[in-house]
Amino acid sequence: MRLVSFNIFRTLGLPNTQILKPEHFLQHKELLQQADWVLFPEYWQLNALVHGLKCRVFPSISSYRIGHDKIEMTRAFQTVAAVHTPWTLILANGPEEREQVWQTMALPFVAKHPKASMGEGVWLIENAGDWRRYHESAAVLYVQEYLPIDRDIRVVVVGEHVVSAYWRHQAPQGFYNNVARGGWVSAEKVPESASALALQVARDLDVNHAGFDIAMVGDYPYLLEFNRLFGNQGVGVKQVQESMLQYLRTQLEPRDPDEPVSPRPLWSIAG
């Protein structure tokens, strides 16, 4: 395979891989067009690479577009796994809408900024002061029910398989499970229902490189979000790279047009 990468940290050591700086991509149009795969472009490059240069990109276009905005992600979750999506309100940030949320949501509840990452832009709303500080900083009101958990699960999906699944425990200050905000990782056994839910949603949405965050309320899994560029605290870089290469090779193999298409498995998700 001929590979071009725009992310040295995620592709260092891959065979036959040319590393480019994103800002120089227009200087290498022929190289990009000849590549079997273009790996980890920046979001702003996507339209030019896919529609202009007709490149085959990894992660998938769906991974980029759905993963770029939490509101769009939640709406996508609601189409394929509504019963595993926390109750959510998405409204314009106006006086009537603020009052509607305040009168509707039971305290505490969670509010988010749609494009934040690494645990930033997530608010625990416990009182009117919290709510005011959030909506004064928000372009859109995006609120969800609070789930009574002190840890969540990160399920890493690469290609069409779960590569790793592990627990992320709450930070000392509470609320945040993200490692970037002080949470910590453990290798305790993860319920199969969490991994199955992440894999089902990844397949349904054509997401092929993501770390899904799953909350377990009792035995029932809830989708929180996914990160297209996930951290490697609970999974080795080499393991991710090997799974990625295997998937990329498989996608290039010619398919027999007369071969019957196997139906996707029906996953039993809820307890």
Side-chain angles (χ1 to χ4, degrees), residues 58-60 62-63 66-67 70 73-88 110 119 122 144-171 175-180 183-248 250-251 261-271:
F58 179 90
S60 64
S62 297
S63 300
I66 297 173
K70 288 185 174 67
M73 186 186 304
T74 297
R75 288 173 174 153
F77 287 169
Q78 289 170 332
T79 65
V80 299
V83 296
H84 295 280
T85 304
W87 184 51
T88 305
V110 176
V122 180
Q144 290 185 325
E145 65 177 308
Y146 173 79
L147 300 178
I149 59 171
D150 60 4
R151 58 180 182 169
D152 63 19
I153 296 168
R154 167 62 58 85
V155 180
V156 175
V157 175
V158 178
E160 298 177 341
H161 301 282
V162 172
V163 174
S164 179
Y166 53 90
W167 289 96
R168 303 188 311 170
H169 293 259
Q170 201 165 87
F175 185 54
Y176 296 101
N177 300 325
N178 194 292
V179 174
W184 55 280
V185 168
S186 73
E188 302 165 63
K189 182 175 175 57
V190 167
E192 175 60 28
S193 60
S195 298
L197 175 60
L199 188 58
Q200 174 195 309
V201 171
R203 288 174 170 174
D204 287 345
L205 297 178
D206 191 28
V207 171
N208 60 10
H209 186 274
F212 284 84
D213 296 339
I214 308 288
M216 298 298 299
V217 178
D219 295 328
Y220 198 87
Y222 283 91
L223 282 161
L224 299 178
E225 61 183 70
F226 74 79
N227 291 280
R228 172 175 52 84
L229 297 179
F230 49 84
N232 292 315
Q233 293 86 357
V235 58
V237 174
K238 185 175 181 180
Q239 185 180 5
V240 171
Q241 287 187 346
E242 289 175 350
S243 298
M244 181 178 68
L245 285 174
Q246 181 180 4
Y247 171 75
L248 296 178
T250 300
Q251 295 303 299
V261 177
S262 299
R264 288 179 174 175
L266 297 177
W267 296 95
S268 177
I269 304 298

Kindly compute the distance separating [atom1] ([X]) from [atom2] ([Y]), expressed to the nearest 0.5 Å.
| X | Y | atom1 | atom2 | answer |
| --- | --- | --- | --- | --- |
| Asp152 | Leu224 | CG | CG | 6.0 Å |
| Ile153 | Tyr166 | CD1 | OH | 11.5 Å |
| Tyr222 | Leu147 | OH | CG | 6.5 Å |

Least distance between heavy atoms, [X] atom then [Y] atom:
| X | Y | value |
| --- | --- | --- |
| Val158 | His209 | CG2-CD2, 4.3 Å |
| Ala194 | Met216 | CB-SD, 4.1 Å |
| Ser195 | Val190 | OG-CG1, 4.2 Å |

[X] side chain vs [Y] backbone, donor-acceptor pair below 3.5 Å:
| X | Y | value |
| --- | --- | --- |
| His169 | Arg151 | no |
| Glu225 | Met73 | no |
| Ser60 | Asp206 | yes |
| His84 | Leu223 | no |

Q. Mind checking what makes side-chain contact (heavy atoms from CB on, under 4.5 Å) contact with Ala76, not counting sequence neighbours?
A. Ile66, Leu205

Q. Quick one: side-chain contact (heavy atoms from CB on, under 4.5 Å) partners of Glu242, sequence neighbours excluded?
A. Lys238

Q) Can you check side chain to side chain contact (heavy atoms under 4.5 Å, CB included) on Arg203 and Val157, steps first, answer last? A) CA-CA 10 Å; Arg203 288 174 170 174; Val157 175; over 6 Å; no

Q: If the plane angle is over 60° it's perpendicular, under 30° parallel, otherwise tilted; pick one for Phe212 and Phe226.
A: tilted

Q.
What verdict does the side chain to side chain contact (heavy atoms under 4.5 Å, CB included) test give for Thr74 and Gln144, after you've listed the backbone C-alpha separation in whole Å, the side-chain angles of each residue and the deciding distance to 0.1 Å?
A. CA-CA 10 Å; Thr74 297; Gln144 290 185 325; 4.0 Å; yes

Q.
I'd like to check Glu160 versus Thr250 (side-chain heavy atoms, cut-off strictly below 4.5 Å). Are they in contact?
A. no

Q | Those residues that, when tested against Phe77, pass ring pair (Phe, Tyr, Trp, His ring centres under 6.0 Å) (two or more places apart) | A | none

